Amino acid sequence: MKRKSVFNLSKILVFALLPYLSVSVINGSERILLNYRPDSEVYLTAVLSCQISPDYELQTVEAQAVIARSNLFRKFAEEENRLDVLREMGKSIKNQWKWWISDEIYEDAVENTEGKVLLVDGKLNLVPYHEISGGTTRDGETVFGSSEYQYLKSVDSSADKNSPDYFSSTYISERQLPKELEIKERDSAGYVLSLQADDKILEGEMFALGMGLPSSNFSIQKTGSKVRFLCRGKGHGLGFSQYGGNELAKDGSLWEEILEEYFPEMEISTYDRNDLL
């Protein structure tokens with residue numbers, strides 16, 4: 001029987017950095033930055049625990065582990081200073097950070113997918129994910145306005161419509177909004193690309209984030225002194241839908257099959273961490 005692992009993140013950091021602390025004493029902190037090469041597998045368990053619920057199927061968490069590894073390796077490849085990557089990663093998840101991780105599903109997911117990443121033409125690219133789509137994921141080229149992201153294809157994820165969190169309403173006082181607010185353009189998945197706000201044009205995703213809406217796939221309805229935003233899904237709608245992927249896992253799909261469903265233009269490969277050094 002496998003012993004259930006309990007991770008204390010402070011210990012992970014201490015043991016990971018211990019060899020470099022002695023270097024700092026002898027040669028100074030600058031030498032640390034030159035010599036430090038963190039093993040991403042050590043951190044993935046902690047990162048994963050902040051990205052996806054342990055209540056999901058193992059195959060779903062494994063798919064998320066490959067996504068997390070792909071994004072982390074990409075950042076390591078792009079940044080000379082690995083510590084800067086870890087600091088930035090810590091900032092982005094600090095509100096969710098757990099000092100104790102008692103769910104072994106995260107460790108299992110990282111171990112079962114060791115070294116596996118998603119590539120585009122042999123290269124590491126952005127691999128986005130979200131909680132619940134609007135029923136169809138979004139087209140990357142449309143969202144970013146660049147052919148660089150054409151590998152992110154819109155795919156069916158209609159199982160998301162069965163989520164109890166698929167619909168949500170947010171009420172905002174009229175006084176907090178422009179006098180005239182109208183949706184001007186949506187993408188093929190139903191997400192708002194732009195709005196007319198008095199004499200200004202607002203970008204849909206930024207508006208949703210600024211207003212605290214769970215999704216930019218929304219409709220607008222005035223109700224007395226407030227405006228109701230009826231949203232579909234949770235998150236930006238690009239790439240992997242965790243809820244939709246979990247429904248595939250429940251039906252028996254392996255993590256490889258789940259990722260192939262959501263990223264048909266990407267290939268699963270084993271990435272040599274030595275390539276990052």
Side-chain angles (χ1 to χ4, degrees), residues 4-17 36 38-79 81-118 124-133 137 160 163 165 168 205 208-209 212-215 233-246 249 255 258-259 262-263 271 273 276:
K4 190 171 185 179
S5 297
V6 180
F7 283 84
N8 181 315
L9 298 191
S10 61
K11 289 182 180 178
I12 289 177
L13 292 173
V14 168
F15 282 113
L17 293 173
Y36 183 50
D39 183 346
S40 63
E41 299 294 310
V42 174
Y43 300 96
L44 273 176
T45 301
V47 172
L48 200 56
S49 72
C50 299
Q51 293 184 348
I52 191 167
S53 168
D55 297 329
Y56 279 138
E57 301 292 317
L58 175 60
Q59 296 289 346
T60 313
V61 182
E62 287 173 341
Q64 184 67 38
V66 176
I67 292 172
R69 183 181 294 107
S70 302
N71 287 324
L72 187 57
F73 277 22
R74 174 178 58 84
K75 290 178 180 179
F76 279 171
E78 293 173 350
E79 294 285 342
N81 192 330
R82 309 293 192 263
L83 287 176
D84 284 346
V85 174
L86 296 176
R87 288 194 197 98
E88 190 61 33
M89 183 175 65
K91 290 178 184 177
S92 66
I93 59 178
K94 64 181 178 180
N95 292 329
Q96 307 175 61
W97 197 262
K98 306 171 185 178
W99 285 104
W100 293 94
I101 304 169
S102 58
D103 299 290
E104 70 175 285
I105 190 171
Y106 299 120
E107 181 185 11
D108 290 340
V110 170
E111 289 180 354
N112 295 346
T113 63
E114 184 176 2
K116 297 298 182 182
V117 294
L118 285 162
L124 293 162
N125 283 53
L126 173 69
V127 189
Y129 66 93
H130 56 281
E131 291 185 59
I132 307 167
S133 79
T137 66
D160 290 337
S163 168
D165 298 319
S168 60
E205 192 66 31
L209 288 172
L213 305 181
S215 166
K234 293 181 71 176
H236 49 60
L238 272 166
F240 179 50
S241 166
Q242 293 177 338
Y243 185 91
N246 199 53
W255 65 263
I258 295 172
L259 291 176
Y262 282 96
F263 301 101
Y271 202 81
R273 282 173 285 172
L276 300 176

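In this text the structure is predicted, and so the values were computed from the model without any measurement.
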Give a yes or no answer on whether the side chain of Tyr106 reaches the backbone of Ile52 with a donor-acceptor pair at less than 3.5 Å. yes
Measuring from Gln64:CD to Gln242:CD, what's the distance to the nearest 0.5 Å? 4.5 Å
With Thr137 via side chain to side chain donor-acceptor pair (under 3.5 Å) - residues at least two apart: none
For the NZ atom of Lys234 and the OG atom of Ser133, what is their distance to the nearest 0.5 Å? 13.5 Å
Using the side chain to side chain donor-acceptor pair (under 3.5 Å) criterion, which residues pair with Thr60? Sequence neighbours excluded. Asn246
Rounded to the nearest 0.5 angstrom, the OH-CD1 distance for Tyr56 and Ile105 is 11.5 Å
Within this structure, what is the OG1-CG distance for the pair Thr113 and Leu259, rounded to the nearest 0.5 Å? 9.5 Å
Just to verify, what does Phe263 make a ring pair (Phe, Tyr, Trp, His ring centres under 6.0 Å) with, not counting sequence neighbours? none
Would you say Asp160's side chain and Ile132's backbone share a donor-acceptor pair under 3.5 angstrom? no
For residues Glu131 and Ser241, determine if any side-chain heavy atom of one lies less than 4.5 Å from a side-chain heavy atom of the other. no
Under the salt bridge (Lys or Arg N to Asp or Glu O under 4.0 Å) definition, can you give me all pairs with a residue in residues 56-67, not counting sequence neighbours? none
Expected output: side-chain Arg69 to main-chain Tyr271 donor-acceptor under 3.5 Å: no
I'd like to check the ring pair (Phe, Tyr, Trp, His ring centres under 6.0 Å) partners of Tyr243; sequence neighbours left out, ordered by chain and number. none
Listed partners of Ser70 passing side chain to side chain donor-acceptor pair (under 3.5 Å), at least two apart: none
State, to 0.1 Å, how close Leu48 and Ala68 come at their nearest heavy-atom pair, and which atoms those are. CD1-CB, 4.4 Å
Quick one: does any side-chain atom of His130 pair with a main-chain N or O of Phe240 as donor and acceptor, under 3.5 Å? yes
Side chains of Leu126 and Leu238 in contact at under 4.5 Å (non-hydrogen atoms): no
